[in-house]
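Small disclaimer: the values here were computed from a predicted structure and weren't measured.
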Amino acid sequence: MVGPGRPLFVLFGSSIVQFSYGNGGWGAILADYYARKADILVRGYAGWNSRRAVQVLDKIFPKNAAIQPSLVIVYFGGNDSCIPHTSSKCPHVPLQEYIANMEKIAVHLMGLSEKTRIIFLSCPPINEELHRLAQDPKLCVAVRTIESCKKYSEACKQLCQRMGLKVIDLFTVIQEHDDWSTRCFTEDGVHFSAESSKIVAREILKALRDADWKPTLYCNAMLPEFGEDSDSDPE
């Protein structure tokens, strides 16, 4: 721990989180906005689903930790939504189990401290054509469809509404651009391009700006570390 202590933001999820600092990623964008204001930690695990996430909650977010995060941004759903294939190992998690797992994650995080805030990211769409072309036909790999992504996105939104949690509807906001299918993904049709990451970061900042949380976690309303006047500071 490097002091003095800043608010701690944790990004928790699968590859959408793990890769969020590369290619102009949304995690890097947030880190830039929160320079001198909050420390952002990435806890992203490519290939993981909500079932695996539940298994390690106590290790990643121990309830007896001396310092608890001020904000946790959670993303699981894309791998869960994969269409199961009997002849291959697949990260698919049935919809009802996915909902139960996400509820377990939310309950655990809410129990960390009274000031720990949570934002869920719903399952985004994909470019099905790029996704199909990226697959090796000799391997029985997991396949995703826009329809399956939509089902898991809606389930995440409904859970958050029931639990009173903030959720960002990635499935909808990414498709607001006319050319979203070509601009918003890398060549695998699943992971975010720099353009898509700008959308994700924008929506997170908007949610933080509009939240009535005290203290505020919106970057423009937070004071920078060592922000007092000093002879060493530029005018």
Side-chain angles (χ1 to χ4, degrees), residues 9-20 25-27 41-65 68-69 71-112 116-126 128 131 134-136 139-171 174 188-192 200:
F9 294 2
V10 181
L11 315 182
F12 179 46
S14 55
S15 56
I16 293 295
V17 172
Q18 180 176 326
F19 304 154
S20 66
W26 59 276
L41 298 184
V42 175
R43 294 296 182 266
Y45 306 90
W48 278 27
N49 54 25
S50 63
R51 183 184 297 159
R52 184 71 178 98
V54 168
Q55 295 171 352
V56 300
L57 277 176
D58 290 320
K59 294 181 179 179
I60 298 178
F61 300 100
K63 290 191 174 182
N64 61 350
Q68 295 292 0
L71 174 68
V72 183
I73 299 177
V74 181
Y75 168 74
F76 289 100
N79 294 322
D80 298 68
S81 72
C82 288
I83 307 301
H85 198 293
T86 57
S87 61
S88 66
K89 185 178 180 180
C90 179
H92 170 75
V93 171
L95 185 61
Q96 292 306 312
E97 182 187 346
Y98 167 74
I99 295 171
N101 290 339
M102 297 298 278
E103 182 171 359
K104 291 176 183 176
I105 293 172
V107 169
H108 183 90
L109 295 177
M110 288 188 293
L112 295 179
T116 296
R117 311 302 184 183
I118 306 166
I119 296 177
F120 275 28
L121 307 179
S122 80
C123 188
I126 64 168
E128 286 191 4
H131 178 55
Q135 307 306 310
D136 186 341
L139 300 176
C140 295
V141 296
V143 176
R144 308 184 191 198
T145 67
I146 291 181
E147 186 60 31
S148 66
C149 292
K150 182 178 181 179
K151 288 180 180 178
Y152 282 71
S153 176
E154 288 298 320
C156 181
K157 288 165 52 183
Q158 291 174 12
L159 172 66
C160 291
Q161 183 177 14
R162 174 166 60 85
M163 299 187 71
L165 299 174
K166 287 193 174 296
V167 60
I168 295 175
D169 182 1
L170 293 186
F171 189 85
I174 287 179
D188 65 4
V190 172
H191 294 102
F192 293 155
V200 177

(Q) If the condition is salt bridge (charged side-chain N to carboxylate O under 4.0 Å, His left out), which residues does R51 pass it with, not counting sequence neighbours? (A)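 R51 satisfies salt bridge (charged side-chain N to carboxylate O under 4.0 Å, His left out) with E97 only.
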**Q.** Which residues share a salt bridge (charged side-chain N to carboxylate O under 4.0 Å, His left out) with E103, sequence neighbours left out
**A.**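 Salt bridge (charged side-chain N to carboxylate O under 4.0 Å, His left out) check on E103 returns R162.
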Taking side-chain hydrogen bond (donor to acceptor under 3.5 Å, both in side chains) as the definition, give me every residue that meets it alongside [X], ordered by chain and number, with sequence neighbours left out.
X	result
Q55	R52
N49	none
S14	none
R117	none

Q) With sequence neighbours excluded, what pairs up with F12 under the ring pair (Phe, Tyr, Trp, His ring centres under 6.0 Å) test? A)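 If we apply the ring pair (Phe, Tyr, Trp, His ring centres under 6.0 Å) test to F12, skipping adjacent residues, the hits are F61, F76.
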Q. What residues form a ring pair (Phe, Tyr, Trp, His ring centres under 6.0 Å) with F120, not counting sequence neighbours?
A.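 Testing F120 for ring pair (Phe, Tyr, Trp, His ring centres under 6.0 Å), a comparison that skips the adjacent residues, returns none.
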Only counting residues at least two apart or in another chain, list the ones meeting side chain to side chain contact (heavy atoms under 4.5 Å, CB included) with [X].
X	answer
D58	H108
T116	Q68, P69, V72, L112, S113
A100	none
V42	L11, V17, S20, Y21

**Q.** Salt bridge flag under 4.0 Å for residues K157 and E154
**A.**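 Salt bridge present between K157 and E154.
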Q.
A side-chain contact here means heavy atoms from C-beta on lying under 4.5 Å apart; do C123 and C149 qualify?
A.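 Touching, per the 4.5 Å side-chain cut-off.
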